[in-house]
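Just so you know, ligand 1 is whichever comes first in the structure, and atom 1 is the first atom listed for that ligand. Positions are given from 1, in the same order as the sequence printed here.
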Amino acid sequence: MKILSAEKIREADAYTIKHEPIKSIDLMERAAGLCFDWLYAAAPKLFPDSISEEKDWVFYIVCGTGNNGGDGLVLARLLQRNGYNTEVAVVHVSDKPSKDFTASLDKLGKGKKSVIEIKKTADIPDFPDNAIIIDAIFGTGLNRPSEGIGREVIEKINQSKSTKVSIDMPSGLFDCDNAKNDPKGIVRSNHILTFQLPKLSFFLSENEAMVGAVHILDIGLHPDFLKNIDATFHYLTGSEAAEMRKVRGTYSHKGTYGHALIIAGAEGKWGAAVLASKACLRSGAGLVTTHIGTQGADILHNAMPELMIQHDKAGTHFSNLPDLSDYDAIGVGPGIGKSDDTVRALKLLIQEAKVPLVLDADALNILADNLTWMAFLPKGSILTPHPGEFSRLAGSKLSHFESIEKQREISQKNGIYILLKGANSSLSFPDGRVLINSTGNPGMASGGMGDTLTGIITGLLAAQYKPLEAAALAMFVHGRAGDLALKNQSVESLVASDLIDNLGKAFESLSHD
Ligand SMILES: NC(=O)C1=CN([C@@H]2O[C@H](COP(=O)(O)OP(=O)(O)OC[C@H]3O[C@@H](n4cnc5c(N)ncnc54)[C@H](O)[C@@H]3O)[C@@H](O)[C@H]2O)[C@H](O)CC1
Ligand SMILES: [K+]
């Protein structure tokens, strides 16, 4: 699913109005109608248990004077028509109300319910603590941080304990970069009813306090426009991940699915090799060999009889390169440490490898100490840093938005894929596009999860997936397996082994997406 900028969404809006064709006011009615349907279904769960009777429900609709405010006014009319209690406030954020705002206000007027006009501080009402506040002050038309009376109202809304439902965007939030924005001037939304496509800022950690649950409402923007428009950012949905999955031929054999090499583990961290190797075996590789210090070999053998083992010359860590000619995919890094001979062996691996590499953990830390090696990585290699590893690679502490911009830059410059792990992991391609993941949960913030991801990507690469599909499908399935594993665990108790146990179900679940 594409993620478009506010500017592109405006173009989509205009294209739809012209080519569907539909009047802009009717598009607003359609959008607000979908908000009503959502609220109608969700309201019983949104009001506190103490207010169980519909007659006691209050919907407090706070509107700006642009089209976002217009949506709020149409929604207010629909709520009133269906017999719900409403309070409607208009914040005079601009002295030039939009045409459709004015038309919607006229229609509401016919219902003879008075509107609270907010022009100055003294006009701002006390918002209740047990209502639903509909936030329709600013949408995609915000052109500078909220200020003046609009901002004052936003701050007062944020003081209320009522559930806040934002139309299209939390008012005050920009669609992409909020580095120069002030969080205090943004509605702390519990639910966002966003139109057609999600906005990038919904997925960024700096906006966590303002972005609640996101609900995407299909308002029928023109499919031709949505299909043809180029997008830098994409949200990876289940059906898109499912399309990447390859069907296995009846007459295929283990040779069809390639031979993966995992280089992982060192004294005290053999478990990293176990997790990466297991995940690799469970992700479709025909054969998996793990290159490991002799002292870790028994642990691996006992954990997985299906695995082949390649002994390193050093007993305790990765120090020498095996013959690479047998392998279709190579994953390196989990738990390998940073010994001098490990550094030398990794350098040799980067020079000698003829297949894309998957680099994780200590392999990335070594790379961060030797940034010139980046240009020598086999094209299509995949780096899987967590935010700490990424900041070492990128050279400074960055906001999430800045990290993604930097991630794109490094991918494009070096012809590699970077999978920046975290909530809403992002995968950047050599051509500058970025996929944002839609699976996973906070229980996955624990040791070993990254080792598992390395194994999955390497397994898919061995099984002849192209780097783009291997990285994207692995990212999705890894999160999905974490979500499935959570059903029998809690966010506190979830561990990487649970995730591996659910890989089968996760791959299978794709057939239902
Ligand atoms: N996407 C669609 O197809 C549809 C979108 N709809 C809704 O329309 C808004 C966008 O409306 P727009 O009129 O362009 O802008 P806003 O209502 O978001 O606000 C603009 C309004 O506010 C003024 N303004 C902007 N920034 C500030 C500021 N910092 N301080 C004060 N005032 C500010 C600006 O001058 C305007 O007056 C979209 O989000 C949807 O909700 C349609 O209704 C359905 C189709
Ligand atoms: K809004």
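- Without hydrogens or angle criteria, Tyr417 side chain to Ala472 main chain gives no donor-acceptor distance under 3.5 Å.
- Taking each of Ile17, Leu34, Ile25, Asn67 in turn, the one with a heavy atom nearest to atom 12 (P) of ligand 1 proves to be Asn67.
- Using a 4.0 Å cut-off between charged side-chain N and carboxylate O, Lys156 and Glu152 make no salt bridge.
- Contacts between Ala12 and ligand 1 below 4.0 angstrom, taking non-hydrogen atoms only, are absent altogether.
- In this structure, the ring of Phe138 has its center no less than 6.0 angstrom from the ring center of Phe174.
- Salt bridge status for Glu29 with Arg77: present, with a side-chain N to carboxylate O gap under 4.0 Å.
- Checking Asp360 against Thr384 by side-chain atom types alone, a donor-acceptor pair falls below 3.5 Å.
- Ion pairing between Arg433 and Asp431 holds under the 4.0 Å rule for side-chain N and carboxylate O.
- In this model, a donor atom of one side chain and an acceptor atom of the other lie less than 3.5 Å apart for Asp100 and Ser24.
- Between Phe203 and Tyr235, the ring center distance clears the sub-6.0 Å criterion.
- Judged by distance alone, the side chain of Asn437 and the main-chain N or O of Met475 form a donor-acceptor pair under 3.5 Å.
- Protein heavy atom in closest approach to atom 41 (O) of ligand 1: Asp71 OD2, 2.5 Å.
- Checked by atom type, the side-chain pair Ser5/Glu7 shows no donor-acceptor distance below 3.5 Å.
- Residue Ser94 touches ligand 1 through its side chain alone, judged by heavy-atom distances below 4.0 Å.
- Counting only N and O atoms by type, the side chains of His92 and Glu117 include a donor and acceptor under 3.5 Å apart.
- Shown here, atom 36 (C) of ligand 1 is out of close reach of the protein: none of its heavy atoms lies under 4.0 Å off.
- Taking atom 5 (C) of ligand 1 as the reference point, the nearest protein heavy-atom neighbour is Asp13 OD2, 4.0 Å.
- Summary of contacts: the protein heavy atom closest to atom 15 (O) of ligand 1 is Gly141 CA, 3.2 Å.
- No hydrogens or angles considered: a donor-acceptor pair under 3.5 Å links the side chains of Gln489 and Ser493.
- Of the options Ala136, Gly139, Gly72, the smallest heavy-atom separation from atom 18 (O) of ligand 1 is shown by Gly139.
- When the heavy-atom distances from atom 25 (C) of ligand 1 to Asn143, Val74, Ile137 are ranked, the shortest goes to Asn143.
- Counting only N and O atoms by type, the side chains of Asp168 and Thr194 include a donor and acceptor under 3.5 Å apart.
- Residue, atom and distance of the protein heavy atom nearest to atom 24 (N) of ligand 1 are Phe138 CE2, 3.8 Å.
- Among all protein heavy atoms, the one lying closest to atom 9 (C) of ligand 1 is Asn68 N, 3.7 Å.
- Evaluated by nearest non-hydrogen atom to atom 30 (N) of ligand 1, the leading choice among Arg144, Met169, His222 is Arg144.
- Nearest non-hydrogen protein atom to atom 39 (O) of ligand 1 is Asp168 OD2, 2.7 Å.
- When the heavy-atom distances from atom 1 (N) of ligand 1 to Leu27, Leu221, Ile149, Ile9 are ranked, the shortest goes to Ile9.
- Protein N/O/S atoms closer than 3.4 Å to the K ion (ligand 2), listed by chain and residue number, are Asn68 OD1, Asp135 O, Phe138 O, Ile167 O, Met169 O, Ser171 OG.
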